[in-house]
Enquirer: 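Below are the structure tokens for one structure; questions will follow.
Heavy atoms only: backbone and side chains are in, while hydrogens, waters and symmetry mates are out. Just follow the structure's listing: the first ligand is 1, and inside any ligand the first atom is 1. We count residues from 1, following the sequence as given.
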Amino acid sequence: MYSEDLINSYPIFDTHAHYDDNRFDDIRDDLLTVIHQNGVCGIVTCGCDEVSSKKALKMAEDYSFIYAAVGIHPGNIDSGTTIEQILELATHKKCVAIGEIGLDYYWVDDNKPQQIDVFEKQIELAKKLDLPIIVHDRDAHGDTLEILKKHKPKGVVHCFSGSVEMAQEVIKLGMYIGVGGVVTFNNAKKLPDVVRIIPDELLLVETDCPYLAPVPYRGQVCHSGLIKYTAQKIAEIRGTTTEQILNLTAKNAKNLFQIK
Ligand code: NI
């Protein structure tokens with residue numbers, strides 16, 4: 001995990017991580033220290049309910065380069081976490097977004113009205129606090145887009161998996177598109193076409209770690225340092241350099257999350 005090829009010459013800003021995951025329990029502090037020494041200049045670690053949101057805030061307190069997002073993930077709407085709890089956590093000075101929030105019809109699709117309700121309430125909350133949102137959309141492209149068009153929040157659609165047409169609509173709304181390790185997979189069919197059309201100023205890179213490690217680490221525990229492989233692939237698709245992609249996306253992340 002700490003091999004020499006993970007040393008990065010350019011800044012990496014990982015806009016979507018889950019460092020509270022128990023797969024990091026034995027290595028978290030060493031790992032965060034090593035990747036920060038090797039180019040990772042910023043991380044947004046996301047909550048999915050009250051417990052993980054609090055853990056995200058704690059990490060943000062412990063590490064200057066870590067920022068937190070707090071929210072109720074569509075898979076966690078039965079966790080007992082309330083919108084009021086999220087509101088309270090969101091006032092923390094290192095909370096930079098409401099997320100991850102959204103719709104997931106892949107795992108459960110018999111609670112769509114409840115998912116939509118929790119999603120919309122958190123969008124309203126984000127707008128009230130003037131925070132961006134981090135959107136999870138899995139197998140729910142139509143409803144997600146409709147809700148984004150209705151509320152017009154600031155934010156990012158993370159691990160984008162929609163069509164080029166959907167990407168165009170998201171771009172029209174001025175929202176960012178998060179691209180992760182999936183872009184390096186051979187079966188990422190639509191994603192290269194999406195990556196080609198994202199305007200420079202709306203492109204973000206992310207891991208969703210510990211999940212979705214890019215090739216050549218596919219299937220292993222992912223971490224933010226591996227973003228250089230994702231950026232390399234994006235650069236290849238867009239006909240530019242890894243350096244340009246990493247500099248650009250770090251700048252974009254700071255713009256979206258209002259980090260100086
Ligand atoms: Ni995630």
Enquirer: Can an N, O or S atom be found in Cys48 less than 2.8 Å away from the Ni ion (ligand 1)?
Expert: no

Enquirer: Answer yes or no: is there a side-chain heavy-atom contact under 4.5 Å between Val221 and Tyr211?
Expert: no

Enquirer: Among the clusters formed by ILVMFWY side chains lying less than 4.5 Å apart, do Val164 and Phe185 turn up in the same one?
Expert: yes

Enquirer: Suppose we only allow N, O or S atoms; which atom of Asp208 ends up nearest to the Ni ion (ligand 1)?
Expert: OD1

Enquirer: About how large, to 10 degrees, is the angle NE2 of His18, then the Ni ion (ligand 1), then OE2 of Glu100?
Expert: 90°

Enquirer: For the residue pair Tyr229 and Tyr217, is the inter-centroid distance of their aromatic rings smaller than 6.0 Å?
Expert: yes

Enquirer: Give the name of the N/O/S atom in His16 that lies closest to the Ni ion (ligand 1).
Expert: NE2

Enquirer: So, Asn252 versus Thr249: side-chain donor-acceptor pair below 3.5 Å or not?
Expert: no

